[in-house]
Amino acid sequence: MSRYPFKEAEAKWQRIWADQKAFEVTADERPTYYVLEMFPYPSGLLHMGHVRNYTLGDVVARYKMARGFNVMHPMGWDAFGLPAENAAITKGIHPAASTYGNIEAMKKQFAALGLSLDWSREFATCDPSYYRHQQAMFLDFLEAGLAYRKESSVNWDPVDHTVLANEQVVDGRGWRSGAVVERRKLAQWFFRVTEFADELLEALEGLERWPDKVRVMQERWIGRSEGARVRFAIEGRDEPLEVFTTRPDTLFGASFMAIAPDHPLATELATDQPALQDFIAECAKTGTSEEAIEQAEKLGFDTGLRCINPLIPDQRLPVYVANFVLMDYGTGAIFGCPGHDQRDLDFARKYGRPVTPVVLPPDADPETFAIGDEAYVGDGTIFNSEFLDGLDVPAAKRTVIQHLEEMGAGEGRITFRLRDWGVSRQRYWGCPIPIIKCERCGIVPVPKDQLPVTLPEDIELGKVGNPLDRHPTWKHVACPSCGGKAERETDTLDTFVDSSWYFLRFCSPHLSERPFDRSAVERWVPVDQYIGGVEHAVLHLLYSRFFCRALKRCGQLDIEEPFAGLFTQGMVCHKTFRDADGRWLNPAEVEPGPDGEMRAIADGRRVEVGRSEKMSKSKLNVIDPGPTIDAYGADAARLFMLSDSPPERDLEWTEAGIDGAWRYINRLWRLFAEAGTPAGVDLTEPDELSSEATELRRLTHKTIHAVSDEIERFHFNKAVALIREFSNRLESFDHDDPAAPVVLREALEALVKLMAPMVPHLAEELWQRLGHDTLLAKTAWPEADPAWLQEDEVTIAVQVMGKLRATLNLPKGVGKETAEAAALDDENVQRAIGGKPLRRVIFVPDKILNLVV
RNA sequence: GCGGACGUGAUGGAAUUGGUAGACAUACCGGACUUAAAAUCCGGAGGGCUACGCCCGUGCGGGUUCGACUCCCGCCGUCCGCACCA
């Protein structure tokens, strides 16, 4: 039995595609379509998540190509990042060497997948020819006020004298030194994302081809809330205490004030109050971990200060420093209204503060209504509140804000949860920030004609401190402004900056003087279809949206949204295995024993099989795509990725699944070997088609229509099912039918074209076997002829009282009376009716006839 | 706590707007081919019963409807995201 020689075939077609530059963008008038998958970090090893991601993108790219679009489907490398630096420390390889080595290795693995990528546009973000433009953008942002410097705290490793990224902090300790990490204030660079907070929020609505989930996540991340800033005078002090509140309508229910432990007022008071100092130190200790916050008790420290409620001049409110108030939201200070905020209520009960309700729930009695253990947060009628009494909550908010504005004690204010993006990283392997710090001139931008500021190559990693800072010469430069002694900024940019504009660079990847050609960008961007993991739902996607707006503000672009269509794929999962000692085992280290239980191959002991989880190094449930592709071929791996699971859901990797895909590929191979048209056979259409042949031709057109539709909707699993259904029918088609040479052949041609986006190598091979000497990759998608989509017979389900009792095959478009008569002829239907008179007959043409008795 | 998604055979999953539940696969069972196995091919299959038919069945309990996996109300469970956001 002949088997599909995938090794030869896949290598052959990959070579031919490359030789013919089949996937390079050409300059022509066809409509453009930009398909982009999130570019990879060059770890050196392709994993299953990549295979799924790039297969999904490849289906779209090849499909759109066949549909007549000028498709751009580029690939590059998100090449700066911490792992290269860590590898340098642990293995002693220079980050540049390991990164470029990894890129080479991964490119080979990519090649084996047979993706329709335009490699002529490839670049790596760690290349100075890329990051020089990023440095220029930084300077533009600086000039436009979109980049600025301020003090901010970082994770500081006191042993290694280095700043740590959040992921380098494990259980509050530095990943290498194991020392307890401290918070330290450093001057750092920020991008003013908040400048566009409103815009970024409002424009989400227009992103119709984004998953709702992602839009909701961004919406919550931006976190707009309407309220007011209110200033409370402090007894015996000139400066008032300003708070932010979304419930100014409850000001008459105020019971206390609270400020953050790191509020400037708290810091000031602490200088001569050791007890307060201790309290603040205690607050800083409570971790920021999820549980820590959940468990943490609400604690307050009475500063002794008293505030005056602007609406109740003789009321005195104690000012607490409280552990639950955040400095970086609002003003870092609140007023507590325990009647209508649960957290304030807990605090008030604990510290014996009065609880005055000011919102009366509907139907509650103002004389008896009291707050118990639960604050009342719903709508109602304001009471106990002088001039607000009788208003509902929204009206009271408006009224009180107006009142506060008139008396100068506050104003309506919108606050966002979104914060500016801190882009400084105290790392070596990143884009240098093009700034020079001069003792006399201050912060001086590197003149654009001196860009790029490149990284020094001779560095020592793994020593104490930032290698750029420690380098003997790199940072010492002359001030561009005064010529005096000055120092470079030794921080580098967050790698999220690199990925915030790479999709623009792909449009004109080799320009040296400019980051991109504006007309090229405006031709291709927004990306028509962006595909990647949902883990980037907020940061990467939000930053990219910010970047487009910032570049527009700087006059470089006229685009706001980078990605018109977004698809977030599910993860690739696998069962986990654990031996009796609790050690994780790789799937290759276990096998089923004679009793069907999984056993460790090494010692034959039983292993515990855990549920399917995302493949991860720590749980060892990782399948390397390399050997799989070696054993089954890229098409089998691709087909499995696309088969059963809908792309947005998690996919469980199974041996049976890849095996099934491989078997199907061989089945297709045999189908074409058996049904292929021998040379010299007459291909003219017979005068009349047998009903079988007619039915097959209909199925061909129906399948073309349905598969196209499912691909458009990203239902690739269903497209595969339809293709299988179609090929199953082809296998059983009678080869002796007089119309077989024509009808079967057209069916086979359609089948090859439909499967091409999924299993491109096999499809090319079969296309060639059908006698074509053109590339299938350059062949148009088949068209379904509407005339052949029409059925002339339909199956109508006959129900009696909503229960199925019979099905009828009737001519399409049959009338109600005819259908009813036919149904009443049916014995089974008659039995169900049981001689009762019909009360009602519901008829849905060509679908349902429901007899109600 | 807040927000979102999901819950269908042994398993992955189908079921355009409410209209024949279980497409297409995987695993399984039976048969053919084979010395044998693998591969391949053919057939079976939601559960039950008094089986050419009937009853039950889409997490649970109600409701709307001629008709509900689909819509509404109330629960339960799983997963994901955010999390002291005033």
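To find a chain, count down the sequence lines: A is the first, B the second, and so on, and within it residues start at 1.
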Requested in this report: Write down the distance separating the C1' atoms in B:C69 and B:A21, rounded off to the nearest Å.
Outcome: 8 Å
Requested in this report: For the side chain of A:F324, starting at C-beta, report the closest nucleotide among B:C84, B:A83, B:G13.
Outcome: B:C84
Query raised in the report: When the distance from NZ of A:K847 to C1' of B:U17 is rounded to whole Å, what number comes out?
Result: 8 Å
Requested in this report: Could you give the distance separating B:G9 and B:G47 at their C1' atoms, to the nearest angstrom?
Outcome: 9 Å
Query raised in the report: With a 4.0 Å cut-off, would you call A:E731 and A:R670 a salt bridge?
Result: no
Requested in this report: Between B:A14, B:A86, B:U16, spot the one nearest the side chain of A:T245, thanks.
Outcome: B:A86
**Report entry** Test ring-ring contact (aromatic ring centres under 6.0 Å, His included) applied to A:F347 and A:F324, step by step
**Finding:** CA-CA 10 Å; A:F347 190 85; A:F324 64 90; 5.5 Å; yes
Report task. Assign A:V325 to base, sugar-phosphate, or nothing according to its heavy-atom contacts below 4.0 angstrom with the strands shown. Result -> base
Report task. Round to the nearest Å and state the distance from A:I658 atom CD1 to B:U11 atom P. Result -> 23 Å
Query raised in the report: Which part of the nucleic acid, if any, lies within contact of A:R663, taking any heavy atom under 4.0 Å across all strands shown: a base, the sugar-phosphate backbone alone, or nothing?
Result: sugar-phosphate
Query raised in the report: Which nucleotide in the list B:A14, B:G19, B:A86 gets nearest to the side chain of A:I848?
Result: B:G19
Query raised in the report: When you compare B:A45 with B:G22, how far apart are their P atoms, in angstrom units rounded to a whole number?
Result: 12 Å
Query raised in the report: How is A:E725 classified with respect to the nucleic acid when contacts are heavy atoms under 4.0 Å: base, sugar-phosphate, or nothing?
Result: sugar-phosphate
Query - Atom C1', compared across B:C33 and B:A38: separation rounded to whole Å - result: 13 Å
Query raised in the report: With a non-hydrogen cut-off below 4.0 angstrom, is A:N666 in contact with a base, only sugar-phosphate, or nothing?
Result: nothing
Query raised in the report: Looking across every strand, which nucleic acid part, if any, lies under 4.0 Å from A:R224 by heavy atom: base, sugar-phosphate, or nothing?
Result: nothing
Report task. Check every atom of B:A83, B:G12, B:C80 against the side chain of A:D644 and return the nucleotide holding the closest atom. Result -> B:G12
Query - Selection from B:C84, B:C55, B:U26 that lies nearest to any side-chain heavy atom of A:R805 - result: B:C55
Query raised in the report: Do A:Y664 and A:S643 meet the criterion of a side-chain donor-acceptor pair at a distance under 3.5 Å?
Result: no
Query - Integer angstrom distance from the C1' of B:C72 to that of B:U78 - result: 24 Å
Report task. Assign A:V844 to base, sugar-phosphate, or nothing according to its heavy-atom contacts below 4.0 angstrom with the strands shown. Result -> base
Report task. Tell me what A:D341 touches on the nucleic acid: a base, only sugar-phosphate, or nothing, going by heavy atoms under 4.0 Å. Result -> nothing
Report task. Would you check if there is a donor-acceptor pair between the side chains of A:Q569 and A:N53 at a distance under 3.5 Å? Result -> yes
**Report entry** Rounded distance in Å - CH2 (A:W662) to P (B:A38)
**Finding:** 19 Å
Report task. For A:N621 and A:T576, test the side chains for any donor-to-acceptor distance below 3.5 angstrom and give the result as yes or no. Result -> no
Report task. Using a 4.0 Å heavy-atom cut-off across all strands, classify A:D212 as base, sugar-phosphate, or nothing. Result -> nothing
Requested in this report: Name the nucleic acid region contacted by A:R724, choosing base, sugar-phosphate or nothing; use a 4.0 angstrom heavy-atom cut-off, strictly under.
Outcome: sugar-phosphate
**Report entry** Side chain of A:R670 - closest among B:C24, B:U20, B:C41
**Finding:** B:C41
Query raised in the report: Using a distance-only test with no angle check, is there a side-chain donor-acceptor pair under 3.5 angstrom linking A:R663 and A:N666?
Result: no
Report task. Would you please confirm or rule out a distance under 4.0 Å between OP1 or OP2 of B:C85 and any side-chain N or O of A:R220? Result -> no
Query - B:U26 to B:U20 separation - C1' atoms, rounded to the nearest Å - result: 26 Å
Query raised in the report: Rounded to whole angstrom units, what separation is found between the CD1 atom of A:I665 and the P atom of B:A25?
Result: 14 Å
Query raised in the report: How would you label the contact of A:T807 with the nucleic acid (heavy atoms, under 4.0 Å): base, sugar-phosphate, or nothing?
Result: base
Query raised in the report: Do A:F640 and A:W662 make the cut of ring centroids closer than 6.0 angstrom?
Result: no
Query raised in the report: Of the nucleotides B:C56, B:A39, B:U26, which one has an atom closest to the side chain of A:R3?
Result: B:A39
Query raised in the report: Just how far, in rounded Å, is C1' of B:C80 from CZ of A:R649?
Result: 14 Å
Report summary line: Assigned chi class of B:A51 under the 90° convention is syn
Query raised in the report: Would B:G9 be called syn or anti, given that syn covers angles within 90° of 0?
Result: syn
Query raised in the report: Starting at CE of A:M571 and ending at P of B:A5, how long is that distance when rounded to a whole Å?
Result: 18 Å
Query raised in the report: When you check the phosphate oxygens OP1 and OP2 of B:A86, does a side-chain N or O of A:S225 lie under 4.0 Å from one of them?
Result: yes
Report summary line: Among B:G3, B:A14, B:G81, the one nearest any side-chain atom of A:V216 is B:G3
Requested in this report: Round to a whole Å and report the spacing from NZ of A:K803 to C1' of B:C54.
Outcome: 10 Å
Query raised in the report: Under the 3.5 angstrom rule, does the side chain of A:T415 hit a backbone N or O of A:G330 as a donor-acceptor pair?
Result: no
Report summary line: Winner on side-chain proximity to A:R831, out of B:A86, B:G53, B:C24, is B:G53
Query raised in the report: Over how many whole Å does the gap from A:N728 atom CG to B:C41 atom C1' extend?
Result: 13 Å
Requested in this report: Give one of base, sugar-phosphate or nothing for A:D659, where a contact means two heavy atoms less than 4.0 Å apart.
Outcome: nothing
Requested in this report: Kindly point out which of B:U20, B:C84, B:A14 is positioned nearest to the side chain of A:R343?
Outcome: B:C84
